[in-house]
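For reference, the structure is listed below as structure tokens.
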Amino acid sequence: MDIDICDILGIKYPIIQGAMAWVATAELSSAVSNAGGLGILSPITTKGLVKEIKIMKGLTKKPFGVNIPIMNPNSDEIVKIVIEEGIPIVTTSVGDPNWFTSILKKEGIKVIHVVTNIKHAKRAEDAGVDAVVAMGVEAGGHIGKEEITTSVLVQNIVNNVKIPVIAAGGIVNSNNFLSVLALGADGVQCGTRFIATEECIAHDNYKRAIINAESDSTEVIARGIFPARVIKNGFYEWFEALTREEKVDKSLFDINFARSAILDGDIKNGAIWAGQNVGMIKKVIKVKDVIKEMMNREN
């Protein structure tokens, strides 16, 4: 790829923090940006987003972004806030990138769209986005229905688009980072690894669930409806029982199931979103040390 993703985004290292609900706050995102990566704020409410942006601007002078879930009922208002606040970069997801890309690009904002298959990557490129995140089935939280592995997805998308491709899903260390670069990725997006950091506001119980997990601790629930990868626990067992009884529908996808685990620490009854490579995370460390290890740098 002739276009360097770091030059496009104005960052030192090609590492983007995933837009994780509840925990992609100014405290975590500013730490990522200050360490040379790209921090991303993830709005739960528009009022909360404005507050986090103001805090973020006080914590870092480095580039950062905001996530816009396209299908979110408040997405139009989020776009307006992003433009008014002079946010330089956005990531978009869950919807057609044509909805907002031209508006954002007209304002000089860089747009990165999250995709889970080749068709959507091509559509995003046609819409004019600056890069795509190829998110494989190994990712934590909501994933694509196709369940394509990161390695397969990255190679195929790299071969089918001319814009930079950022790999996501199961990337927690320098070996994962180097492996996707070898497949043609221009950078990585990480979620679960940044939850197990000192700067993340996630409950200590949630962080312990991550560092105590093994390679077989996660599973995908709600296949064919709204699939998500979680650590197996009481919530998982309850959900699986409903699935067997064919009682699962979209009304069950309440974001508060995740909130109860992430913020309240109920790791028995809450949804513990985590990536499949969670077994490689064994310590809660500082964000800067995550990025140092990822880039295989000692100082």
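Values reported hereafter were calculated over all heavy atoms of this structure, with side chains retained and with hydrogens, waters and symmetry mates removed. Position 1 is the first residue of the sequence, and the numbers go up from there.
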* Are the side chain of Tyr206 and the backbone N or O of Trp273 linked by a donor-acceptor pair below 3.5 Å? -> yes
* So do the side chains of Ile83 and Val79 get within less than 4.5 Å of each other, counting heavy atoms only? -> yes
* Working to the nearest 0.5 Å, report the span between CG of Asp266 and CD1 of Ile272. => 8.5 Å
* Within a strict 4.5 Å, meaning less than it, do heavy atoms of the Asn67 and Val90 side chains meet? -> no
* Side-chain (Gln189) to main-chain (Ala168) donor-acceptor, under 3.5 angstrom -> no
* Chi angles and distances behind the side chain to side chain contact (heavy atoms under 4.5 Å, CB included) call for Ser75, Phe100 -> CA-CA 9 Å; Ser75 57; Phe100 299 120; 3.5 Å; yes
* Has the side chain of Asn205 got a donor or acceptor atom that lies under 3.5 Å from a matching backbone atom of Gly265? -> yes
* Without hydrogens or angle criteria, can the side chains of Glu138 and Thr150 be said to hold a donor-acceptor pair below 3.5 Å? -> yes
* Asked: Does a salt bridge link Lys232 with Glu240, judged by any charged N lying under 4.0 Å from a carboxylate O?
  -> no
* Asked: Is Asn173 reaching over with its side chain to a backbone N or O of Met294, donor-acceptor style, under 3.5 angstrom?
  -> no
* Hey, is the main chain of Ile267 close enough, under 3.5 Å, to the side chain of Asn233 for a donor-acceptor pair? -> yes
* Asked: Is there a donor in the side chain of Ser29 and an acceptor in the side chain of Gln17, or the other way round, less than 3.5 Å apart?
  -> yes
* NZ/Lys105: more than 12 non-hydrogen atoms of other groups inside 6.0 Å -> yes
* To do: Please round to the nearest 0.5 Å and tell me the distance separating atom CZ of Phe239 and atom CD1 of Ile221.
  => 4.5 Å
* Verify, without hydrogens or angle tests, whether Asn156 (side chain) and Val152 (backbone) share a donor-acceptor contact under 3.5 angstrom. => yes
* To do: Identify whether Met20 and Ile55 are in the same connected component of the hydrophobic contact network (ILVMFWY, side-chain heavy atoms under 4.5 Å).
  => no
* Could you verify whether a donor N or O on one side chain and an acceptor N or O on the other, from Asn34 and Thr60, lie under 3.5 Å apart? => yes
* Are the side chain of Thr192 and the backbone of Gly275 linked by a donor-acceptor contact shorter than 3.5 Å? -> yes
* Asked: Hey, is Glu147 close enough to Arg223 for a salt bridge, meaning N to O under 4.0 Å?
  -> yes
* side chain to side chain contact (heavy atoms under 4.5 Å, CB included) partner of Ile109, chosen from Asp130, Thr101, Leu104 -> Leu104
* Structure fact -> One should read off an interatomic distance between Thr116 OG1 and Lys119 NZ, to the nearest 0.5 angstrom, of 9.5 Å
* Asked: Going through the checks in order, is the side chain to side chain contact (heavy atoms under 4.5 Å, CB included) test met by Phe194 and Val32?
  -> CA-CA 9 Å; Phe194 282 127; Val32 174; 4.0 Å; yes
* How long is the span from the CD1 atom in Ile148 to the CD1 atom in Ile118, to the nearest 0.5 Å? -> 7.0 Å
* Asked: When rounded to the nearest 0.5 angstrom, what distance separates SG in Cys200 from CH2 in Trp22?
  -> 13.5 Å
* What about Leu59 and Ile291, same hydrophobic cluster or not, with Ile/Leu/Val/Met/Phe/Trp/Tyr joined at side-chain heavy-atom distances under 4.5 Å? -> no
* Kindly say whether Ser30 contributes a backbone atom to a donor-acceptor pair with the side chain of Ser33 at under 3.5 angstrom? => no
* CD1 on Ile15 to CZ on Arg193, rounded to 0.5 Å -> 12.0 Å
* **Min side-chain heavy-atom separation Val230-Glu219 under 4.5 Å** => no
* Asked: Side chains of Glu198 and Val284: closer than 4.5 Å at any heavy-atom pair?
  -> yes
* Side-chain H-bond candidate by donor/acceptor type, Asn98 with Asp96, under 3.5 Å -> yes
* So, Glu214 and Lys282, do they make that salt bridge, N to O below 4.0 Å? -> yes
